[in-house]
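Remarks on the structure that follows.
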Amino acid sequence: MELVLERSKSLTGKHAVRTFLFKWDGKPIEVKFTGTKIPPTYKNGESYLLALKEKGSFVYIRLLMNLRGRVKGKIMVIKDGNIALELSYRKLKIKRVSGDPALFELVKPIIEMLKIPTKKVNLR
């Protein structure tokens with residue numbers, strides 16, 4: 001599985017993309033930016049293509065800030081190269097798109113650690 005790790009923003013600073021990748025070993029450990037360098041979405045910043053070959057549990061978060069400062073994104077829990085849980089983040093709410101809702105226990109401490117504001121979580 002290939003993932004894009006990116007930190008970039010537009011020249012005006014009104015648009016931005018930020019991605020995180022955490023490996024779960026009893027506690028979340030952030031994976032450093034390594035891999036093949038690719039052009040970023042926006043002008044300022046860096047972007048890497050990472051081939052995920054390791055076994056284990058990973059949490060991948062991609063957040064996009066738009067012109068009005070609103071943030072939306074995707075959160076994925078990857079187990080042994082397959083997407084086990086997919087969540088969407090929009091309007092300060094987290095909603096399950098597909099997968100096993102029990103895996104949200106891996107995501108919850110990462111959201112608290114990154115201080116991502118949430119009002120509601122819907123795992124139905």
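Keep in mind that the numbers below use all heavy atoms, side chains included, and drop hydrogens, waters and symmetry copies. Predicted, not measured: the structure shown is a model, and the values here were computed from it.
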* Asked: Between the main-chain N or O of Lys93 and the side-chain N or O of Arg90, is there a donor-acceptor pair closer than 3.5 Å?
  -> no
* To do: First locate atom CD of Glu2, then atom NZ of Lys53, and finally report the distance between them rounded to the nearest 0.5 Å.
  => 9.0 Å
* Asked: If we only count heavy atoms from C-beta on, is the Ile61 to Leu114 side-chain gap below 4.5 Å?
  -> yes
* Asked: Will you find, in the side chains of Thr41 and Glu6, an N or O donor that is under 3.5 Å from an N or O acceptor?
  -> yes
* Following the transitive rule for hydrophobic clusters with a side-chain heavy-atom cut-off under 4.5 Å over Ile, Leu, Val, Met, Phe, Trp and Tyr, establish whether Val71 and Leu64 coincide in one cluster. => no
* Roughly how far, to the nearest 0.5 Å, is CZ of Arg7 from OG of Ser47? -> 11.0 Å
* Asked: So, the side chain of Arg96 versus the backbone of Arg124: is there a donor-acceptor pair under 3.5 Å, distance only?
  -> yes
* Asked: In terms of hydrophobic clustering (I, L, V, M, F, W, Y; side-chain heavy atoms under 4.5 Å; direct or indirect links), are Val121 and Leu87 co-clustered?
  -> yes
* Asked: Apart from Val31 itself, what residues make up its hydrophobic cluster, given side-chain heavy atom links below 4.5 Å?
  -> Met1, Leu3, Val4, Leu5, Leu21, Phe33, Ile38, Tyr48, Leu49, Leu50, Leu52, Phe58, Tyr60, Met76, Ile78, Ile83
* Asked: Okay, side chain of Asp100, backbone of Ala102: is any donor-acceptor separation there less than 3.5 Å?
  -> yes
* With no hydrogens and no angle check, is any side-chain donor or acceptor of Ser10 less than 3.5 Å from a backbone partner on Tyr42? -> no
* To do: Step through the shown structure and confirm whether more than 12 heavy atoms of other residues, nucleotides or ligands are within 6.0 Å of NZ on Lys79.
  => no
* Asked: If only atom types and distance count, is the side chain of Asn44 paired as donor or acceptor with the main-chain N or O of Ser8 below 3.5 Å?
  -> no
* Derivation and outcome, side-chain contact (heavy atoms from CB on, under 4.5 Å), residues Phe20 and Glu30 -> CA-CA 7 Å; Phe20 302 94; Glu30 188 167 6; 3.8 Å; yes
* Quick one: NZ on Lys23 to OG on Ser57, what's the gap to the nearest 0.5 Å? -> 7.5 Å
* Asked: How would you list, by chain and number, every residue that makes a side-chain contact (heavy atoms from CB on, under 4.5 Å) with Pro109, sequence neighbours excluded?
  -> Trp24
* Asked: Quick one: does Thr118's side chain get under 4.5 Å of Leu92's, heavy atoms only?
  -> no
* To do: Might you point out which heavy atoms bring Pro40 and Glu46 nearest each other, and give the distance in Å?
  => CB-C, 4.3 Å
* **Backbone N/O of Arg68 and side chain of Asn66: donor-acceptor pair under 3.5 Å** => yes
* Are Leu103 and Ile29 connected in a single hydrophobic cluster, I mean Ile/Leu/Val/Met/Phe/Trp/Tyr linked by side-chain heavy atoms less than 4.5 Å apart? -> no
* **Steps toward side-chain contact (heavy atoms from CB on, under 4.5 Å) verdict (Val97, Leu85)** => CA-CA 8 Å; Val97 175; Leu85 175 65; over 6 Å; no
* Please report the C-alpha distance between Ile110 and Ile75 in whole Å, then the side-chain angles of each, then the deciding distance to 0.1 Å, and finally whether the side-chain contact (heavy atoms from CB on, under 4.5 Å) criterion is met. => CA-CA 11 Å; Ile110 295 172; Ile75 302 169; over 6 Å; no
* Report the C-alpha separation of Leu106 and Val77 in whole Å, then their side-chain angles, then the decisive distance to 0.1 Å, and conclude whether the side-chain contact (heavy atoms from CB on, under 4.5 Å) test is met. => CA-CA 8 Å; Leu106 302 179; Val77 177; 3.9 Å; yes
